[in-house]
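Within every chain, numbering begins at 1; the chains are lettered A, B, ... in the order of the sequence lines, protein sequences first and strands thereafter.
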Number of protein chains: 2
Amino acid sequence: MVEAQLLSKNQQIVLDIIENAKAPLKAYSILFNVQKKGINAPQQIYRALDKLIEIGKIHKIESKNAFVACKNANCEVSKATAFSICERCEKVEELNDLKLSKYLSSYSDKTGMKYKKYNLEFFGLCKKCK
Amino acid sequence: MVEAQLLSKNQQIVLDIIENAKAPLKAYSILFNVQKKGINAPQQIYRALDKLIEIGKIHKIESKNAFVACKNANCEVSKATAFSICERCEKVEELNDLKLSKYLSSYSDKTGMKYKKYNLEFFGLCKKCK
DNA sequence: TAACAGTTTGTTATAATATAACATATGCAA
DNA sequence: TTGCATATGTTATATTATAACAAACTGTTA
Ligand SMILES: [Zn+2]
Ligand SMILES: [Zn+2]
Ligand SMILES: [Zn+2]
Ligand SMILES: [Zn+2]
């Protein structure tokens with residue numbers, strides 16, 4: 001059993017906002033949302049984001065410069081992330097497909113290079129948008 | 001036979017620089033490299049980059065905000081990209097693995113969502129760095 | 001030829017995203 | 001209580017990307 005990580009005040013504030021959001025949040029949109037809580041500078045947000053990413057509580061959607069909460073217990077370990085992104089409504093879901101992650105985690109290319117980490121972003125139209 | 005796309009002056013300048021680079025280039029580093037050629041503003045770079053991406057001549061490495069030339073004839077059609085990235089020396093290679101691209105191109109998640117496009121970035125240590 | 005549409009270019013300004021650097025505070029263990 | 005690691009607050013700045021508008025160039029066709 002892994003000990004639950006204790007979060008600092010700012011880390012908890014930022015995580016709460018991301019977890020309660022319906023869509024990926026951008027750093028500055030988080031900042032604007034916490035100014036009433038006394039956080040005033042981008043650094044404070046980015047530091048919390050960095051830590052939350054490091055411990056696997058959130059992920060960055062690289063193609064959008066936005067952040068989502070992880071809903072997948074084993075991401076802390078694997079550093080393997082996969083997302084589906086709707087190109088119309090921008091809805092993002094973290095994929096949690098064991099077969100896919102096994103396939104990619106064991107992937108090594110022709111040079112024999114082995115990977116410790118990957119990020120996959122799929123684009124298409126979600127059920128509602130197609 | 002697909003007609004070769006004719007590039008405009010700025011598009012060709014930017015493509016030449018990216019094709020001759022040993023590593024992914026950032027937009028502003030391209031800009032600094034073409035000021036002797038009379039290109040002075042970021043817009044001119046970003047416009048060329050956008051076009052080159054659209055026609056499949058280059059790709060953006062999202063995790064690095066950098067651009068590489070495509071060495072893969074069928075990327076223009078597929079919009080399916082996969083890269084290996086060395087975490088130490090930053091070397092980036094475009095993967096051209098038919099099995100991988102078939103697997104991902106036919107992937108549909110549990111909701112039945114079908115994808116038109118994907119981007120995959122693998123991280124590890126290259127041969128020289130490990 | 002002249003009018004036109006489409007695309008490319010040039011230019012200035014500004015928005016959005018992210019980090020540097022330094023001072024202070026807080027929690028905890030030796 | 002001293003020391004160390006971590007977290008915070010703050011100001012400034014760097015980096016990445018887009019907006020908005022005017023002018024030039026291209027090929028097409030009335
Ligand atoms: Zn996750
Ligand atoms: Zn949608
Ligand atoms: Zn390619
Ligand atoms: Zn390397």
Which part of the nucleic acid, if any, lies within contact of Q11(A), taking any heavy atom under 4.0 Å across all strands shown: a base, the sugar-phosphate backbone alone, or nothing?
sugar-phosphate

Which comes earlier along DNA chain D counting from the 5' end, the contact point of A48(A) or that of P42(A), where each point is its nearest nucleotide?
A48(A)

Side chain of S105(A), backbone of S101(A): donor and acceptor closer than 3.5 Å?
yes

Nearest nucleotide by nearest heavy atom, which residue falls closer to the 5' end of DNA chain C, R47(A) or Y28(A)?
Y28(A)

To the nearest Å, how far apart are L31(A) CG and dT10(D) P?
13 Å

May I ask you to verify if any side-chain N or O of N40(B) is less than 4.0 angstrom from the OP1 or OP2 atom of dG10(C)?
no

For dT16(D), does OP1 or OP2 lie under 4.0 Å from any side-chain N or O of N65(A)?
no

Quick check against the 3.5 Å criterion: does D109(B) have a side-chain atom that pairs as donor or acceptor with the backbone of Y107(B)?
no

Can you check whether S8(B) has a side-chain N or O nearer than 4.0 Å to OP1 or OP2 of dT7(C)?
no

Is there a donor-acceptor contact under 3.5 Å linking the side chains of N40(B) and Q44(B)?
no

Compare side-chain N and O positions of K64(A) against OP1 and OP2 of dA17(D) and report whether any pair is under 4.0 Å apart.
no

So, E121(A) versus S63(A): side-chain donor-acceptor pair below 3.5 Å or not?
yes

